[in-house]
Amino acid sequence: MSEPTFADFGVHPDICAALKDLGIVHPFPIQAMTLPVALGGHDIIGQAKTGTGKTLGFGIPILQRVATPTDAAYADLPKPGRPQALAVTPTRELAVQVARDLERAGARRGVRVLTVYGGRAYEPQVDALRKGVDVVVGTPGRLIDLAKQGHLDLSGARTVVLDEADEMLDLGFLPDVERILSMTPASRQTMLFSATMPGAVVALGRRYMSQPTHIRAVGDDQDDSKTVKAIEQFVYRAHAMDKVEMLSRILQARDRGLTMIFSRTKRTAARVADDLTERGFAAAAIHGDLGQGAREQAMRAFRHGKVDVLVATDVAARGIDVENVTHVINYQCPEDEKIYVHRIGRTGRAGNTGIAVTFVDWDDLPRWGLISKALDLGIPEPEETYSSSAQLYADLDIPEGTTGRLPKSSQTRAGLGAEQIEDLGETGKSSGRRGQGARGGHAPKRADSPPTRDSAPRSRTRRRTHGAAQGGGAA
DNA sequence: AAAAAAG
């Protein structure tokens, strides 16, 4: 009657122990379904909702199938620059995160994981490859570059994973991905993972696999909706001129933890972050026009709660896993239903609840119609909403009297601007001007009590996109 | 058309 553990699935004791160190004992459904097939070396197309454990679903098999110095077969295996496994991701930050997860889970096995991606100096990555590495995680451009220069040899990659596979097999990436796969052994194990897996992509993916098992974990939602039930979704008609005003009121909602705001363009992301900062919020932007250092600095500041608002393009829509993200706001309507699913999936992860808000302006109406239909959200056209609307305040639990500017008295968090964020930079070139303004790092509000499935359902009347009953403890 | 990914 007790829940199965990783050991029950034949996971190596060192990996079980490392997972236990991380507080992970019982496999999530996608992991339980994947492990028996993947540990046997078979190809897999794995689909599971956002935030339900896909990374370890392919990560554990990777780590387990890698030979380590204690294995007999190890002697002639690792040559410089010749990893035993490869994972490819569509963005650099996701590569960093996946590598971090693999490193943690593989720590006790002594698995050497290397992240390889552009925007960073070439030499350190070359040096690390030369020293020897078991698993490489990277983005396509730099992987190809390193392989072309002869620093990376993929002929020993027995296991290859395409994370966010539908994106990796999309037009923009396909040629690169094909090229990478062509450098790996034909006998490799191939695994494709994503929360969104259109039939056409599955069909395309099969071309690069041999007799793959298609695994679809329903998750613990016990339904066939494509979005996570624990994410409460709201949609408003918004006017461009009123959006920042609406935003800054939403950011003052009760029980707001970390918040991600998505825009469709880099310019808008930058502008919104500026606007919010000017209004007293602790916000950072992340998008592809920033240098890689600034991108990672923004991620770090957000993960550590030095800023509690991250304004992003779709560079951060997929895969990014930050604890305590309670709100996702689509400042601009996402392009399609896949991006919608991924964006809102930055919250409501690993059993937590979340709130997703989408602004739909006049131009977006047809687009939103398609999204709503594709996901079967079953909701009427979004209602006209203004920053001062009672509906907005009630839906999102915004205190009465809230205005569009953070009151001076509560600007403590905002006080830590550039200087403190800079302190997080790895170059450590802080100018020694710390200490003025806000003192000490302030934890983001309510960091101590993230909402979980077990927390009491909030009982206000609200307009929901999901018709189903209030989702508090649906477990 | 935009974003991402090599520089």
Side-chain angles (χ1 to χ4, degrees), chain A residues 86-99 114-126 129 136-152 154 161-181 183 194-196 201 240 260-273 285-296 298-299 310-320 328 330-343 345-346 359 361-368 370-371:
Chain A
L86 169 71
V88 191
T89 70
T91 65
R92 298 163 181 176
E93 286 73 17
L94 186 53
V96 170
Q97 179 187 295
V98 167
L114 177 67
T115 325
V116 141
Y117 55 101
R120 286 279 182 211
Y122 206 76
E123 279 311 317
Q125 296 178 11
V126 173
L129 281 169
V136 164
V137 183
T139 47
R142 184 58 68 91
L143 282 169
I144 291 174
D145 201 352
L146 286 165
K148 218 165 46 181
Q149 306 297 324
H151 301 296
L152 174 65
L154 291 175
V161 175
L162 302 185
D163 196 9
E164 306 298 342
D166 55 326
E167 172 83 349
M168 300 312 301
L169 296 173
D170 196 64
L171 249 51
F173 276 121
L174 189 57
D176 282 353
V177 168
E178 268 191 334
R179 188 155 173 202
I180 291 167
L181 290 178
M183 297 187 280
S194 182
T196 51
V201 174
M260 293 185 73
I261 298 169
F262 286 100
S263 74
R264 236 173 13 232
T265 67
K266 295 177 275 198
R267 267 186 54 186
T268 303
R271 196 208 76 216
V272 170
I286 184 168
H287 56 75
D289 273 353
L290 296 176
Q292 190 54 28
R295 282 169 60 161
E296 288 176 35
M299 273 311 305
L310 186 65
V311 190
T313 57
D314 287 320
V315 70
R318 282 177 176 261
I320 296 302
V328 169
N330 290 316
Y331 185 88
Q332 289 175 313
C333 187
E335 200 59 43
D336 60 34
E337 76 281 1
K338 292 193 296 298
I339 300 180
Y340 179 79
V341 165
H342 287 283
R343 281 185 181 182
R346 295 319 95 210
F359 293 166
D361 62 33
W362 196 86
D363 289 337
D364 291 328
L365 276 176
R367 193 179 281 119
W368 173 254
L370 292 175
I371 292 171

- Query: Taking DNA chain B as the partner, which of residues 166-178 of chain A come within under 4.0 angstrom of it by heavy atom?
  - Reply: A/G172, A/F173
- Checking A/D176 side chain against A/F173 main chain: does a donor-acceptor pair fall under 3.5 Å? no
- Query: With A/R346, which residues qualify under salt bridge (charged side-chain N to carboxylate O under 4.0 Å, His left out), at least two apart?
  - Reply: none
- Look at all strands and tell whether A/R267 reaches a base, only sugar-phosphate, or nothing, counting heavy atoms closer than 4.0 Å. nothing
- Quick one: list whatever passes side chain to side chain donor-acceptor pair (under 3.5 Å) with A/E164, sequence neighbours left out. A/R318
- Rounded to the nearest 0.5 Å, what separation is found between the OG1 atom of A/T196 and the CD atom of A/E337? 8.5 Å
- Could you pull out all residues at least two apart from A/D314 that satisfy side chain to side chain donor-acceptor pair (under 3.5 Å)? A/R343
- Which nucleotide span of DNA chain B, 5' end to 3' end, has atoms closer than 4.0 Å to non-hydrogen atoms of chain A? B/dA1 to B/dG7
- Locate the shortest heavy-atom distance separating A/H287 from A/A270; write the atom from each residue and the value. NE2-CB, 3.8 Å
- Message: My understanding is that only residues two or more places apart in sequence, or in another chain, count here; which of them pass side chain to side chain donor-acceptor pair (under 3.5 Å) with A/Q292?
- Response: A/R92, A/E93, A/R295, A/E296
- Message: Check A/K338 with A/D170, please: is the shortest side-chain N to carboxylate O separation under 4.0 Å?
- Response: no
